[in-house]
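Some notes on the structure that comes next.
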Amino acid sequence: MNKSQLFAVEKTVDGHNIILLGQSGTGKSFVVKEIQKKLSGAGKNVSVTGTTGIASLNVKGCTVHSWSGIGDGRYDSDELCQKLLTDEHFVSYKQNILKADSLIIDEISMLSLKHFEQIEYVCRTIKHKDLYFGGIQVIASGDFFQLPPVPDQLTSDSGEYCFKSNIFAMVFGHKIVFDEVIRQDELDFIKAINDVSKGEIPEDTKNLILRLQRPLSPGDDPIRPCGRNFDIFNACKLMEMDGVSKCYQSIDEDVNKLCSKMCVPKLLHLKIGCPVMLVKNISSALVNGLQGKVVAMKEDSVTVDFENDLVQLGRETFTVYSSIDKKTVATRHQIPLILSFSITIHKAQGLTLDRVEVDASNIFAPGQLGVAMGRARNKKGLRIISFNSNSVIPQRSSIYEFYNKNFVQFD
Ligand SMILES: Nc1ncnc2c1ncn2[C@@H]1O[C@H](COP(=O)(O)OP(=O)(O)OP(=O)(O)O)[C@@H](O)[C@H]1O
């Protein structure tokens, strides 16, 4: 580990709450795993979490939402505390909180203010201690120049950055910023990722991106992250594949327009050999965002090869819950898969990849293109297509204000 990585580990062992920052590829997730080992070795009960299924798998943890019981955010804080205290289905979440000495949250840029405050409140209430997070040591890592939280109208989550919370500075007295990029070693590429993440596009970076429009050298299919509108691309690629397609039609209850908010399609078309992504957390290893290939299709189940782990998946239940009406407003039973010839950039955050083909045509959030480019180890393994003047979105001034804010210095 480099000097600042070692410093971060040392300070967490001393018991500090810390936020680890630094551009893509500086080793934040790597250090999170080292911190987990060190603290566990010192006899602490350490919970490692991320803000998405894949981000948490990357650090061998679970999502902070499933750790704490907040799930999709359908309950308000008091309702959730009540469930944690009285509902047998929430016992494991209550135990997670009661047992935890330290909580690590990776990829914190995607944690909304609402969920940050909710987790803090729930931990404090369940631990019965009048200390932030009930006295649990909290270590967070991420890069606010990467992906912002996703707003959710149905649960009244505006998707505000968690650092805007009034208690954020009280929880994290200290910050450590990593500034040595380890994932990549080409200086012009590192600069370009940094520029694009910050929403800037000087001439040299633009030229580098334009040069990366060329096709990748022959090899395995690249991972293809894009902003949105990848359904048509996926459907076309499936049509181009050899083989007979099979269609799984969802069984919907409360059929209404909210069904369109479901993460699984009404009609799921698949072929043997097609790439798919799991869209539900099923176990600690089978998480939302995991990719595999279809190897068998039966009437009501699909077998997927997830990196040599064959898993048979039947229909799962997906619901849309309205926190305002306090009830489930749509229910769908479907195989928990989507096609993944192309995936969203949100599903790719945190990964290190050898071959990446970024579709820059439908970028809609600041930091998105930077996250997609930053997955590649080098320029050789990266292609950028459909780059245009809207592909780079300026960052919000509040992020610069947060980074410039004074944190407490270590003694
Ligand atoms: N001290 C180290 N020794 C060896 N490899 C390292 C070290 N630090 C980081 N790496 C490697 O560098 C790559 C990038 O690290 P990592 O994914 O932790 O970065 P990150 O800052 O979390 O990136 P992102 O913000 O994009 O999620 C990984 O392949 C990781 O294993």
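Every number for a ligand or one of its atoms is a count from 1 in the order of the listing. What you see below is based on every heavy atom in this structure, not just the backbone, and it leaves out hydrogens, waters and symmetry mates.
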Legend entry - Set of residues that line ligand 1, where lining means a heavy atom lies under 4.0 Å from it: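 Those residues closer than 4.0 Å to ligand 1 by some heavy atom are M1, Q5, Q23, S24, G25, T26, G27, K28, S29, F30, E107, Q146, I182, R183, G350, T352, R375.
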
Legend entry - Residues that D305 engages under side chain to side chain donor-acceptor pair (under 3.5 Å), provided they are two or more places apart: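 Listed in chain order: nothing, the list is empty.
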
Inset, instruction - Quick one: pull up CG in L382 and CD1 in I193 and give me the separation to the nearest 0.5 Å. - result: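 Answer for the CG-CD1 pair, L382 versus I193, is 8.0 Å.
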
Inset, instruction - Output every pair passing ring pair (Phe, Tyr, Trp, His ring centres under 6.0 Å) with a member in residues 331-360, not counting sequence neighbours, ordered by first then second residue. - result: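 Residue pairs passing ring pair (Phe, Tyr, Trp, His ring centres under 6.0 Å), neighbours aside: none found.
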
Legend entry - Set of residues satisfying salt bridge (Lys or Arg N to Asp or Glu O under 4.0 Å) with respect to D221, sequence neighbours excluded: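 Result, salt bridge (Lys or Arg N to Asp or Glu O under 4.0 Å) vs D221: none returned.
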
Inset, instruction - Give the minimum heavy-atom separation between H65 and T51, together with the two atoms involved. - result: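 What the structure gives for the nearest pair is CE1-O, 3.6 Å.
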
Inset, instruction - Tell me whether the guanidinium CZ or amine NZ of K280 lies under 6.0 angstrom from the six-membered ring centre of F318 and within 45° of its axis. - result: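 Yes, cation above the ring, under 6.0 Å and within 45°.
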
